[in-house]
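Presented below is the structure to which this report refers.
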2 protein chains.
Amino acid sequence: MTSDLDTVFSALADPTRRRILTMLLEDDMAVTDVAEPFEMSLAAISKHLTILAGAGLISQEKRGRVKWCKLEPDALKGASVWMQGFGQFEPVNLDAFEAFLAQELGESPD
Amino acid sequence: MTSDLDTVFSALADPTRRRILTMLLEDDMAVTDVAEPFEMSLAAISKHLTILAGAGLISQEKRGRVKWCKLEPDALKGASVWMQGFGQFEPVNLDAFEAFLAQELGESPD
DNA sequence: GGTATAGTCAACCAAATGGTTGACGATCCC
DNA sequence: GGGATCGTCAACCATTTGGTTGACTATACC
C-alpha cells in the first residue's frame, strides 16, 4: 500500500521534476517544450512527466500529436497538510489560517 | 549541488521515516525506542535516523550510551514555503496569508 | 504518398536505496 | 573485571532510480 504521500514526496525529491513544476506554474506546456531547457533526452523528460502525473501533480491531455501538461497544484494539498502538522513554523498555524480563510471567504461552498 | 529541498523531500518520501517523525512529535526518543514498533533491524532504523538528521529534520544528542533524537520541525520550513508557491489551493493565496500574518502579528521582528 | 515532428516504448546501464547480518566500541551495572 | 545494553560500522544483497540509445506509432504538412 503505497501512500499518496510516498508518491508526492518522492516526485518532489528530484530537482528536475521540481523545475518542471515551476515551469508549468507559468503556463501549460507541450512535452517537447518542457524538455527544451534541460540537457537530457526527451525520453528522460517523458519519464519524469509520467512520474509527476502518477503523483497527480500534473495532468496530461493529448491534442493532435501534441501532449499538453498542466499543473495540478491540488495534489500538493495532502503533503502540505501533513507538513503543517509539524509546523509551529510561525506563531500562527493552520487553525488560525483556517479561521482567516473562513472569515475571508464568507460562504464559499466546498 | 544537492539542494536542501532534495534531501528534505527524499527524507519525507519514505513512510518509515515519516512515521518516525510523527513519533518524535510526541516526545524526544532514544534510538532503541524509536526502533521498537518497527519490524526491521535496529541498524536499518539507525540508517533512517541518519538520513533524517542529514536533512536537518531531527537532531541527535548522545548522553551516556543513549542517543536521543529530537524533532527539528524548522527544517520543513523551506519545503513548506516552496510548496506554498504552488498553493492556489484556496482562492486565497500566499499574498493574502502574508497580509493576514502581518495584521495578526503586529510588530513581530524578523 | 512522402517526410518531418511529437512522443512513447524497450532494452540496457550505473548508481543509489533500503534492507540484512555479524563484528565491534562504549557505556552502565554488579 | 565481566556481562548486558546501546548504537554504529562494514560487507553484502535485491530492487529502484535516473539516465542513455534506437526503434517505433501517430499526427501534421506539402
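In the text below, chain A, chain B and the rest are named by the order of the sequence lines, each starting its count at 1. Side-chain atoms are counted along with the backbone in the values below, which use heavy atoms only and exclude waters and symmetry mates.
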| message | For a 4.5 angstrom cut-off between non-hydrogen side-chain atoms, does A:Ile20 reach A:Met29? | response | no

| In whole angstroms, how far is the P atom of D:dG18 from the CG atom of A:Leu12? | 12 Å

| query | Counting side-chain heavy atoms from C-beta on, which of C:dG19, C:dT8, D:dT8 comes nearest to A:Val31? | reply | C:dT8

| said: Between P on D:dC9 and CG on B:Leu42, what's the gap in Å once rounded to a whole number? | reply: 12 Å

| message | Is any side-chain heavy atom of A:Asp4 closer than 4.5 Å to one of A:Trp82? | response | no

| B:Val66 has a side chain; which of C:dA6, D:dT8, D:dC6 sits nearest to it? | D:dC6

| said: So, OP1 or OP2 of C:dT27: does either fall under 4.0 Å of a side-chain N or O from B:Arg63? | reply: no

| request: Find the distance A:Met40:CE to D:dT21:C1' and express it as a whole number of Å. | output: 15 Å

| said: At less than 4.0 Å, is any side-chain N or O atom of A:Ser46 found next to OP1 or OP2 of C:dG7? Yes or no. | reply: no

| Whole-Å distance between C:dT8 P and A:Glu61 CD? | 14 Å

| Touch check for A:Lys62, heavy atoms < 4.0 angstrom, all strands: base, sugar-phosphate only, or nothing? | nothing

| request: Using whole Å, report how far NE2 of A:His48 lies from C1' of D:dT20. | output: 12 Å

| task | For A:Ile45 and C:dA6, give me the distance from atom CD1 to atom C1', rounded to whole Å. | result | 15 Å

| Looking at the side chain of A:Ile51, which of C:dG19, D:dG18, D:dG7 is the nearest nucleotide? | D:dG18

| Is there a side-chain polar atom (N or O) of B:Lys47 under 4.0 Å from OP1 or OP2 of C:dG19? | no

| query | B:Phe38 CZ to D:dG7 P: how many Å, rounded? | reply | 15 Å

| query | Nearest to the side chain of A:Thr32 - C:dG7, C:dG18, C:dG19? | reply | C:dG7

| note | Residues at least two apart in sequence or cross-chain that pass side-chain hydrogen bond (donor to acceptor under 3.5 Å, both in side chains) with B:Thr50, listed by chain then number, are none

| message | Looking at A:Ser41, I'd like to know whether one of its side-chain N or O atoms comes within less than 4.0 Å of OP1 or OP2 on D:dT20. | response | yes

| task | Give the rounded distance in Å between these two atoms: CE of A:Met29 and P of C:dG7. | result | 11 Å

| field | By salt bridge (Lys or Arg N to Asp or Glu O under 4.0 Å) - contacts of B:Glu26 (at least two apart) | value | none

| said: Is any side-chain heavy atom of A:Leu12 closer than 4.5 Å to one of A:Leu57? | reply: yes

| Nearest-nucleotide comparison on DNA chain D, the residue closer to the 5′ end among A:Arg65 and B:Leu49 | B:Leu49

| task | Using a 4.0 Å heavy-atom cut-off across all strands, classify A:Ala43 as base, sugar-phosphate, or nothing. | result | base

